[in-house]
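My structure is below; once you've seen it, I'll send some questions.
These numbers were taken from a predicted model, which means no experiment stands behind them. Convention: sequence-line order gives letters A, B, ...; per-chain numbering from 1.
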Amino acid sequence: MFEKIIENQDKPKYNVIGKPKPRHDAWEKALGKTRYADDFTQPGMLYAKVLRSEYAAANLISIDTGEAEKLPGVEAVLTAKDVPKNETVTKFGQTHEVGGFEGFYRVLADKKIRFKGEAVALVAAETPAIAEQALKLIKVEYEPTEGVYDPIEALKPDAYLVGEKETNLICSYKVIKGDIEKGFEESDLIVENTYKTQMVDHAYLEPESGVAWIDESGIIVIRASTQVIEHFRGIADVLNIPSNKVRVIAPMVGGGFGGKEDITVETFIALLAMKTERPVSLTFTREESILAHGKRHPYVMQYKVGVKNDGKLVALEAKLISDAGGYIYLSPWILMYSTVTAAGPYDYTHVKVDTHSVLTNNTFASANRGFGGVQPCFAYESMLDEVAERLGMSPLELRKKNYLHTGDALVTGRVLEHAVETEQTAEKALAALGEPSKPKSSSHKVGQGFASGMLSYGRMCFLHDTSRSYVSIELDGSVIVRCGVQDIGCGQCSSLAQIAAEVLGVPMEEITVYFGDTALTPLAGTTTATRQLYMSGNATLKAARAIRDTILKKSGEILGITPERLELRDKRIYIKKGPQCTTSYGGSRGDIISSEICVDINQDRYLDLVAVVKACAADGLSLSNLAQFNAPARELVDFTTGQGQVFTDFTYGTHALEVSVDTETGDVEILKYISCYDVGQAINPLSAEGQMEGGAIYGLGQGMCEDVILEKGITKTPTFAEYLIPTSMDAPDITSILVESGGGVGPFGAKGIGEPSCVPSSPAFTNAVSNAIGVRFYDLPVTAEKIMRALGKI
Amino acid sequence: MNNMEFLKPASLEDLFQMTKAHKDEVTFIAGGTNLIPQMERGVESPSLIIDVSDLQEMSTITENGNIISIGGSVTIADIAADSIIKTCAPVLADAALQLGNPLTRNRATIGGNLADASPCADTAPPLMTLEATVHIADVDGNIKDVPISKFYLDYRFTALGRGDVITKISFQKQGKSQKGNFSKIGLRKGSAISVINMAILLDFDHDTCKQARIAMGSIAATPIRIYKVEELLEGKKINDALIEECGELVKTEISPITDIRGSAEYRTAVAATLLKRNIKKAIL
Amino acid sequence: MKTYPVKIKVNGKWKEAAVTARDTLLDVLRKKWLAYEVKNGCSEGDCGACTVNLNGKTVNACLVLALQANGKEVTTLKGIGTEQNPHPIQKAFVEKGGIQCGFCSPGMIMSSKALLDKNPVASRSEIREGLSGNLCRCTGYHKIVDAVEHVAKNNQS
Ligand SMILES: Cc1cc2nc3c(=O)[nH]c(=O)nc-3n(C[C@H](O)[C@H](O)[C@H](O)COP(=O)(O)OP(=O)(O)OC[C@H]3O[C@@H](n4cnc5c(N)ncnc54)[C@H](O)[C@@H]3O)c2cc1C
Ligand code: FES
Ligand code: FES
């Protein structure tokens, strides 16, 4: 059953919601008190290290751990044979089993090495130095094989096989709408291009880390930097113990962006803790992080677009191939996102989309902010600028003829019943961009460009997603929220506090949010898919409202009026001002209630929240509530046509940039950057802006400079000295414009913004550069060198 | 296991005793901004480290008549902020200010920058245009003065012998008639390693270029002077046509390699641009 | 494994430990003295998460050997402000939204302080230059620059 919790449609006034608030976790962080995964020790703790494959493709012949085990201080050395269930799948948080959505991977390498840096053996020792030394003593015999490093090559019939199956193809999806042949026949102009996007690292500042131990009741406890505490089930499966014997705790996470969505250190430290019966800690080095966690999939995308002379888009044929690297992980999920958003927020009459995900011997790819929505956006938004140019039309004019609006159907046939304000975001972003500046010299060229994008928030409907939150109010009026969210830095906990504060009329500072512990907090699902505000926000809203109802009911009884006429704010229960307000309860307040509960200041009549809470408690009324929020559940889409509903709702937005290009060095300076989104309702505008700014620069890095460079599967950019993310000098100031349609399915009409915020960055950037220099780009990143090539200067 | 040893001399004399005793094992550390990452990656695994970062005798900038001396352990931040350097060797101050980021600059030293022998070291081109002398002490404390043009021998190979330490670098002040500047191009704007860097120093007699010194980094196995372009400029009045000619000539004088930071063609193209711009800036 | 004694004054208190020659200031701060407010994001000087003040200068603690810091004074984030008496930069980071995951914040705040100590009225571009050794992946820097600019503007008036 789908629950839609939206306040009344004409914009209600809130006390806490919609106000820019400092985050409730910010002080701890500013004072250096927050304990991240690596800021934690246990008595007798051992240190783990991982032996990783030097090869990207090889047969694993033998592993000899004898010498390593003999080294004094070494407590355990494990290989694939020591893992109870070494072959496993990534799967979490869904209540519904769906075929094809199982991300196969191995805990430790066995049989075939599939990518450089694959974990081969684990060591736990008294000190990191001993563990490091032990790694050197493990003798591994490899038989290097040729491998395959290009997804198109990997699809050929006689290609090298990455795994043990007869094909490198992981999965394929389709969208078919109308008649594509007819569509091209009807088109006045057809444009065809191939676009490529590169492999990108999440580059969160906190490397993967965790400590595992066995507690006094024999439970394996894992305190780790993760976006998914519900991996406890998968971990238990690997350990071959019941799910209820594994507890996962997620402290504040130092950045996730999808990279901590898969299991990273958890199984390693759990296996070692079980083996040694001692606490074990493991923190990846930056190099390990870059080598061995899932990256953003590189895509090859062939786009063919047919359009009428008047700018109406008629036909789209797209073929997308994603390079999954050595293991499947979340590739099928991500490919599904790409399939659904391949056409972007535009209306095409005839559509044919074919998508494929393929194994290669490159670093494996998995979730990354924007989850399959980023790559097609580069293709469709680059394409539309080119089409506009060929038609002699402005990029905005072309898009305005084709933007989807509320009530229109997506290419998958799914009617978009919630707010679709893409066009408004484009208009606002371009208005804010204004007239182009003058070039600063004859060798500089100024250009403007923009791109619109869409991304779902909330998981695919056929996964039947749920979240739970527990809210209670204590006898002193302080409030507890227990919710199994992982806080990865986007203010997940803070927004729950804000929602509870709004509903229960207490200040945010008086709310404590217990989060991220499978033993103590109700399961709230993953902090992925931009789902937490939507899912756990709604669950918290529901739970808080149940308590508010109890309090207002009691207050109504005390005051002798209906609860509908009461409101809860500032830790007081007020009688709503209204025509009947002054007369509806006759006599002085003393006639109705006892004097210590009701106070009267400035004629404003109210009850004290704490007093009412005490009164409720005295009556044995429940002052806590555990609520579950269910996302709308749908059947699996038809994979042969892609028709059906995959997502509940999307967030739409536009980025617009002005750049100055130095045509003699290729250097680009960003003069203006506007990001405009329909966020539905900003729960905390300061946080929403923070997501928009952070997302813009995260995406810009992919457009401008970031690149995991692999040569035959070997990473050439294994540290932050080679893998270059934007610094404070590379990032421009960002103007954020928030549109609040109120038409989202999150609490108070909010939409999710975390991931959508980074989707259009790279095409907006490249469109601006192309506008400046008159040459188009087909692959990312667009570096100074690429610009010089495009200009024919090299 | 790591059995590295650590020694910290209190004086130069102390240092020589240590280097003499351990000549074959010693690796110096100053700011550690190159050495520590190299150890972290396993590229370097010294058995003995001698810390020269706090050696008083190597930590000052002095002015002696027309000569400026910078101790080998002076930090890049101190060079960038030093009033003598700013006024008497702005080409070096410019380069120092563009090296790494504020945190690196607070540790990184000029001795370490040269001794690391990286072709992209940012202080090398300005020091080459200043025709600096590198003062090198061997384990007996004997000083040899090596002109910077003879300091770099080959890719990551310098005139430093085992146990040799750079005690100071000295050069003549930039004259009033000398105009110079430094510029670099990296893959991003902040904390960027040079894909190419360049310093020029032109001496004018009215509007005739009396003497030209041009040095570049990252375009050959070591930082190099571009003598042919210097010759082309010397004795001439600089005009647009001449500048264009310099741009063309420099392309044939350098032999950059292609690596993950940039291709040879790109480096060649931007070398010409940087050179032309730097000359224009100098004659403004 | 050979160890050496070190003595370092951390936030006003002398601390002692036995370290190896290879241990960095970051290792000893975090592992021996549990100064968890100093973060490790890369161990190679590329991220700035480990920024501390060493004898008056901000440095990457991962690029200083513990023995090189022997006898010196180190100030970490916890040395510049407390809950009761926070530094104005800490307050500005909180109020202006300069903190998301918070992993870069200790280093960022230390670099911001060093910048404003030297240039109390720094402009936005000077702030961007001054923080260029401190990576942040979450905020896109805008609100961090806002926070530091806010303090700089207060310094001006
Ligand atoms: C984030 C970052 C950014 C950087 N950016 C730049 C940049 O933009 N430009 C640039 O040029 N470099 C850059 N570097 C590299 C480095 O900071 C500089 O080369 C620095 O000047 C090295 O000095 P150091 O004192 O730290 O050297 P150390 O690491 O201490 O030593 C380097 C080498 O020199 C030897 N050595 C040190 N001092 C002496 C001496 N007096 N005599 C003989 N041998 C000696 C050491 O034994 C070692 O082999 C960067 C480094 C980092 C980490
Ligand atoms: S941990 Fe020191 S700079 Fe990254
Ligand atoms: S707030 Fe997360 S890295 Fe800066």
Among A:Ala30, A:Gly254, A:Ala721, the residue with the most heavy-atom pairs under 4.5 Å to chain C is A:Ala30
Short N-O contact, C:Lys153 and C:Glu149, less than 4.0 angstrom:
yes
Most heavy-atom pairs under 4.5 Å with chain C, out of A:Asp730, A:Leu205, A:Ile725, A:Leu686, belong to A:Leu205
Does any backbone or side-chain atom of A:Gln691 lie under 4.5 Å from a heavy atom of chain C? Answer side chain, backbone, both or neither.
both
Minimum heavy-atom separation for A:Gly752 to A:Pro756, with atom names?
O-CG, 3.7 Å
Determine which residues belonging to residues 485-495 of chain A lie within contact range of chain C, meaning some heavy atom pair is under 4.5 Å apart, and list them by number or answer 'none'.
A:Ile488, A:Gly489
Of all of C:Val94, C:Ile99, C:Val38, C:Leu34, which one pairs up most often with chain A through heavy atoms under 4.5 Å apart?
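Of C:Val94, C:Ile99, C:Val38, C:Leu34, C:Val94 has the most heavy-atom pairs under 4.5 Å with chain A.
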In terms of heavy-atom proximity below 4.5 Å to chain A, should C:Tyr36 be classed as side chain, backbone, both, or neither?
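Backbone plus side chain of C:Tyr36, per the 4.5 Å heavy-atom cut-off to chain A.
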In terms of heavy-atom proximity below 4.5 Å to chain C, should A:Thr285 be classed as side chain, backbone, both, or neither?
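No part of it gets close to chain C.
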State, to 0.1 Å, how close C:Cys62 and C:Ser43 come at their nearest heavy-atom pair, and which atoms those are.
SG-C, 3.7 Å
List the atom of C:Ala49, the atom of C:Gly41, and the distance in Å for their closest heavy-atom pair.
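Taking C:Ala49 first and C:Gly41 second, the nearest heavy atoms are CB-N, 4.0 Å.
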Where on C:Lys96 is there a heavy atom nearer than 4.5 Å to chain A: the side chain, the backbone, both, or neither?
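Answer is backbone: N, CA, C or O of C:Lys96 sit under 4.5 Å from chain A.
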A:Tyr673 side chain to A:His655 backbone, donor-acceptor under 3.5 Å
no
Examine whether an atom of C:Leu131 lies under 4.5 Å from a heavy atom of chain A, and if so say whether it belongs to the side chain, the backbone or both; otherwise answer neither.
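For C:Leu131, backbone and side chain are both near chain A.
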Side-chain contact test, heavy atoms from C-beta onward, threshold under 4.5 Å: evaluate it for A:Lys29 versus A:Met252 and give yes or no.
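Yes, their side chains come closer than 4.5 Å.
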Taking all heavy atoms of A:Ser225 and all of A:Val253, pick out the closest pair and write down the distance.
OG-CG1, 3.4 Å
Sub-3.5 Å donor-acceptor pair from the side chain of C:His142 to the main-chain atoms of A:Ile734, do we have one?
yes
Under 4.5 Å from any heavy atom of chain A - which part of C:Gln90:
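Both parts, backbone and side chain.
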Given side chain to side chain donor-acceptor pair (under 3.5 Å), test A:Ser660 with A:Glu669 step by step and report yes or no.
CA-CA 5 Å; A:Ser660 162; A:Glu669 193 187 341; 4.7 Å; no
Counting only heavy atoms closer than 4.5 Å, note whether C:Thr139 contacts chain A via side chain, backbone, both or neither.
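Answer is backbone: N, CA, C or O of C:Thr139 sit under 4.5 Å from chain A.
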Answer yes when C:Asp27 and C:Lys32 have at least one side-chain N-carboxylate O distance shorter than 4.0 Å, and no when they do not.
no
Using atom types as modelled, flag every donor-acceptor pair under 3.5 Å from a side chain in residues 692-705 of chain A to any protein atom, sequence neighbours excluded.
residue: A:Glu693; atom: OE2; partner: C:Lys143; partner atom: NZ; Å: 3.0
residue: A:Tyr698; atom: OH; partner: A:Asn368; partner atom: OD1; Å: 2.7
residue: A:Gln702; atom: OE1; partner: A:Arg296; partner atom: NE; Å: 2.8
residue: A:Gln702; atom: NE2; partner: A:Gln198; partner atom: OE1; Å: 3.2

Can you tell me which of C:Lys31, C:Glu95, C:Arg30 forms the most heavy-atom pairs within a distance under 4.5 Å of chain A?
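Highest number of heavy-atom pairs under 4.5 Å: C:Arg30.
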Applying a heavy-atom distance below 4.5 Å, give me the residues of residues 73-81 of chain C that approach chain A, sorted by number.
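From residues 73-81 of chain C, the residues near chain A are C:Leu77, C:Lys78, C:Gly81.
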Mark yes or no for whether C:Asn70, through its side chain, and C:Lys7, through its backbone, hold a donor-acceptor pair below 3.5 Å.
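Flag set: sc C:Asn70 to bb C:Lys7 pair under 3.5 Å.
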Please check if the side chain of A:Thr530 supplies one atom and the backbone of A:Glu755 the other of a donor-acceptor pair under 3.5 Å.
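Yes; at least one donor-acceptor contact below 3.5 Å.
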Under the 3.5 angstrom rule, does the side chain of C:Thr20 hit a backbone N or O of C:Asp23 as a donor-acceptor pair?
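A pair under 3.5 Å: yes.
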Look only at the side chain of C:Gln68 and the backbone of C:Leu65, and say whether a donor-acceptor pair between them is shorter than 3.5 Å.
yes
If you compare all heavy atoms of A:Arg223 against all heavy atoms of A:Pro251, which two are closest, and at what distance to 0.1 Å?
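Looks like NH2-CB, 3.4 Å.
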Options C:Arg137, C:Glu37, C:Arg128, ranked by heavy-atom pairs under 4.5 Å with chain A, top entry:
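Greatest number of close heavy-atom pairs with chain A: C:Arg137.
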Which portion of A:Glu689 sits near chain C, non-hydrogen atoms under 4.5 angstrom
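A:Glu689 touches chain C through backbone and side-chain heavy atoms alike.
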When A:Gln227, A:His293, A:His202, A:Glu206 are each screened for side chain to side chain donor-acceptor pair (under 3.5 Å) with A:Lys260, the one that passes is A:Glu206
As an exercise, state the distance from OH of A:Tyr47 to OG1 of A:Thr41, rounded to the nearest 0.5 Å.
7.0 Å
Given heavy-atom pairs under 4.5 angstrom as the criterion, report whether the side chain, backbone, both or neither of A:Pro20 touches chain C.
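Contact with chain C: none, neither part.
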Looking only at atom types and distance, does a side-chain atom of C:Asn53 sit under 3.5 Å from a main-chain N or O of C:Gly56, one as donor and one as acceptor?
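Yes, C:Asn53 side chain to C:Gly56 backbone: donor-acceptor pair under 3.5 Å.
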Any salt bridge between A:Arg286 and C:Asp46, counting N to O under 4.0 Å?
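No, A:Arg286 and C:Asp46 are not salt-bridged.
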Over all atoms of both residues, closest heavy-atom pair of A:Ser209 and A:Thr283
OG-OG1, 2.8 Å
Examine whether an atom of C:Asn40 lies under 4.5 Å from a heavy atom of chain A, and if so say whether it belongs to the side chain, the backbone or both; otherwise answer neither.
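Looking at C:Asn40, just its backbone touches chain A.
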So if I take each residue of residues 114-121 of chain C and look for any heavy atom under 4.5 Å from a heavy atom in chain A, which residues do I end up with?
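The list, in residue order, is empty: none.
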Counting heavy-atom pairs under 4.5 Å with chain C, which one of A:Tyr204, A:Tyr36, A:Phe284 comes out on top?
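Result: the option with the highest number of such pairs is A:Tyr36.
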Do the side chain of C:Asn85 and the main chain of C:Thr82 share a donor and acceptor less than 3.5 angstrom apart?
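No; zero donor-acceptor contacts below 3.5 Å.
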Could you check which of A:Leu31, A:Asp39, A:Thr727 has the highest count of heavy-atom pairs closer than 4.5 Å to chain C?
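It is A:Asp39.
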Under a 4.5 Å heavy-atom cut-off, does chain C meet the side chain of A:Met729, its backbone, both or neither?
both
